[in-house]
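Remember, it's 1-based here, ligands and their atoms both numbered in the order they're listed. Because the structure is predicted, anything quoted here is derived from the model rather than measured.
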Amino acid sequence: MEARSREGWGTRLGFILAAVGSAVGLGNMWRFPYITADRGGAAFVLLYIVMVFVVGVPIMLAEFGVGRRARLSPIGALRTVGGPRLAGLGYLYVATGFLILAYYSVIAGWTMRYTLEALLSGFTRSPSEYFEHTATGTGAVLYHIVFMAITISIVVGGVKRGIERASLVLMPVLFLLIIGLAIWAAFLAGSGAGYSFYLRTDPAKLLSPDTLSAAAGQAFFSLSLGMGAMLTYASYLSRDENLPASAATIAVSDFGVAFLAGLVVFPVIFAFGLSQEIGESALGALFISLPRAFIGMGAAGRIVGLVFFAALFVGALTSAISLLEVVTSSLIDNWRLDRGRAALGAGLVIMLIGLPCALNQDILGLFDQIAGEFLLVVGAFALALFVGWRMSDPLGEVRRGFASEGLLRGWLWIVRIVAPIILAVVIYQKGRATWELLRTTLF
Ligand code: PHE
């Protein structure tokens with residue numbers, strides 16, 4: 001399979017921005033602020049940072065190592081590096097990609113619709129009614145289809161001319177938008193109350209048994225780990241890329257955007273006295289309470305709303321690209337389809353799988369729980385065990401960039417012992433929650 005010439009990134013920056021693009025998305029701007037507020041403020045942020053850097057970055061490095069060693073997409077890569085049985089993990093990754101993109105695209109469709117609404121007429125209707133109207137039904141189906149079409153058209157363009165080019169434009173735009181919003185929010189009267197709510201410390205909440213799994217789950221989702229996205233992006237890298245430095249850069253950027261998003265959301269919500277709404281962190285909280293604040297601000301609110309939802313849309317798009325690329329590159333490598341057909345075929349199937357999510361919010365929630373919460377940690381757990389205990393010379397693949405052999409050994413022991421133990425706890429917690437939701441939703 002290696003014989004065919006494989007596509008690759010044009011520049012180092014292109015790879016980094018594409019990987020940051022994969023990481024930064026709805027998870028940062030929509031999920032992170034709410035989880036933090038819900039789970040203990042600054043204390044949770046600290047726990048989250050520990051999860052990102054102590055478990056997330058090492059797992060990312062493991063994915064990078066496998067992807068670059070094999071220079072193939074997940075199924076072929078895991079088969080090459082680990083033998084035929086491990087190809088099963090690759091299939092799990094591809095299945096997870098299908099499921100995540102199916103519902104992710106529906107939510108991304110909402111962000112498109114909100115962006116257009118701000119642009120064309122401003123938020124006028126009652127936000128909760130508008131959300132109900134937007135989130136499910138024909139409108140949701142339509143925007144979901146349009147969003148998938150945009151994603152497909154970029155992935156069809158290929159690694160360098162599609163994904164990299166889009167990331168080089170979109171990511172700087174996203175950084176500017178979110179930084180601009182955070183600065184603007186700092187000058188809102190009443191922003192202080194928002195900051196203190198966001199960052200108040202409530203260590204007691206950290207003791208709750210599922211907070212650890214919430215932090216870990218959020219870290220994996222936000223860093224795009226556990227389903228082969230980072231593995232696939234690394235398969236397009238050259239041998240001399242410094243993998244540890246790349247992983248660290250990506251994690252810092254991903255955390256930075258998540259943190260900034262909180263610095264936007266909470267001042268806005270508090271400045272408009274909508275804090276009581278935060279408790280109900282249902283799917284739609286962000287899509288209801290923020291527009292309410294934007295309406296309260298008049299013309300300025302319309303502009304800010306436009307910028308905010310446009311940033312969400314951009315983040316969602318670059319993440320969706322990476323999800324579709326996992327599936328597409330697997331079809332190219334394993335079934336020898338050309339890129340155009342692979343991306344289009346996969347995209348159409350995902351579009352269909354997403355339809356129930358666009359028609360029913362409970363089903364959307366179920367997809368999120370099964371794929372976004374549970375399968376990702378299972379995928380990361382299995383990869384850690386493989387790279388830690390079975391892969392031949394994992395250190396050789398990631399050595400470049402480590403200042404000392406000690407750090408390198410530290411990485412290996414995290415992948416061998418620390419990450420699997422933490423992930424086992426998380427799998428247990430999430431497994432139970434997933435089973436519960438499955439039962440209550442389906443029966
Ligand atoms: N990391 C993305 C986000 O935070 C979601 C994602 C998960 C993308 C898994 C790819 C793979 O929105």
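- Summary of contacts: the protein heavy atom closest to atom 4 (O) of ligand 1 is Ala23 O, 3.0 Å.
- Looking at Leu376 next to ligand 1, no N or O pair under 3.5 Å apart turns up.
- Taking 4.0 Å as the cut-off between side-chain N and carboxylate O, Glu373 and Arg31 count as a salt-bridged pair.
- In Met227, the part holding a heavy atom less than 4.0 Å from any atom of ligand 1 is the side chain.
- Ion pairing between Arg68 and Glu63 fails under the 4.0 Å rule for side-chain N and carboxylate O.
- For ligand 1, the polar-atom distance check finds no N/O of Leu223 at less than 3.5 Å from any of the ligand's N/O atoms.
- Counting heavy atoms only, Ser22 comes closest to atom 2 (C) of ligand 1 of the residues Ser22, Gly25, Ala258, Ala320.
- For Ala316, no heavy-atom contact with ligand 1 is shorter than 4.0 Å.
- Tested against Phe287, the residues Tyr114, Phe123, Phe308, Phe294 include a single ring-ring contact (aromatic ring centres under 6.0 Å, His included) partner, Tyr114.
- When hydrogens are left out, the protein atom nearest atom 7 (C) of ligand 1 is Phe221 O, 3.4 Å; that is the closest non-hydrogen contact.
- A donor-acceptor contact closer than 3.5 angstrom links the side chains of Ser224 and Ser22.
- Using a 4.0 Å cut-off between charged side-chain N and carboxylate O, Glu7 and Lys160 make no salt bridge.
- Listed by number with element, the atoms of ligand 1 under 4.0 angstrom from any heavy atom of Ser322 are 10 (C).
- Given atom 9 (C) of ligand 1, the protein heavy atom at minimum distance is Ser224 CA, 3.6 Å.
- Trp413 and Trp389 have perpendicular rings, their planes meeting at more than 60° on a 0 to 90° scale where under 30° would count as parallel.
- Checked against a 3.5 angstrom limit, the closest N/O atoms of Ile100 and ligand 1 fall outside it.
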### Query
Between Thr434 and Gln369, is a side chain to side chain donor-acceptor pair (under 3.5 Å) present by the stated rule, with each step listed?
CA-CA 6 Å; Thr434 306; Gln369 178 70 38; 3.0 Å; yes
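- Within the listing of ligand 1, atoms 1 (N), 4 (O) sit less than 4.0 angstrom from a heavy atom of Ser222.
- Relative orientation of the Phe255 and Phe32 rings is perpendicular, given thresholds of 30° and 60° on the angle between their planes.
- Between Tyr104 and ligand 1 there is a heavy-atom distance shorter than 4.0 Å.
- No side-chain heavy atom of Met227 sits under 4.5 Å from any side-chain heavy atom of Leu92.
- Close approach to Leu26 involves these atoms of ligand 1, each under 4.0 Å from a residue heavy atom: 12 (O).
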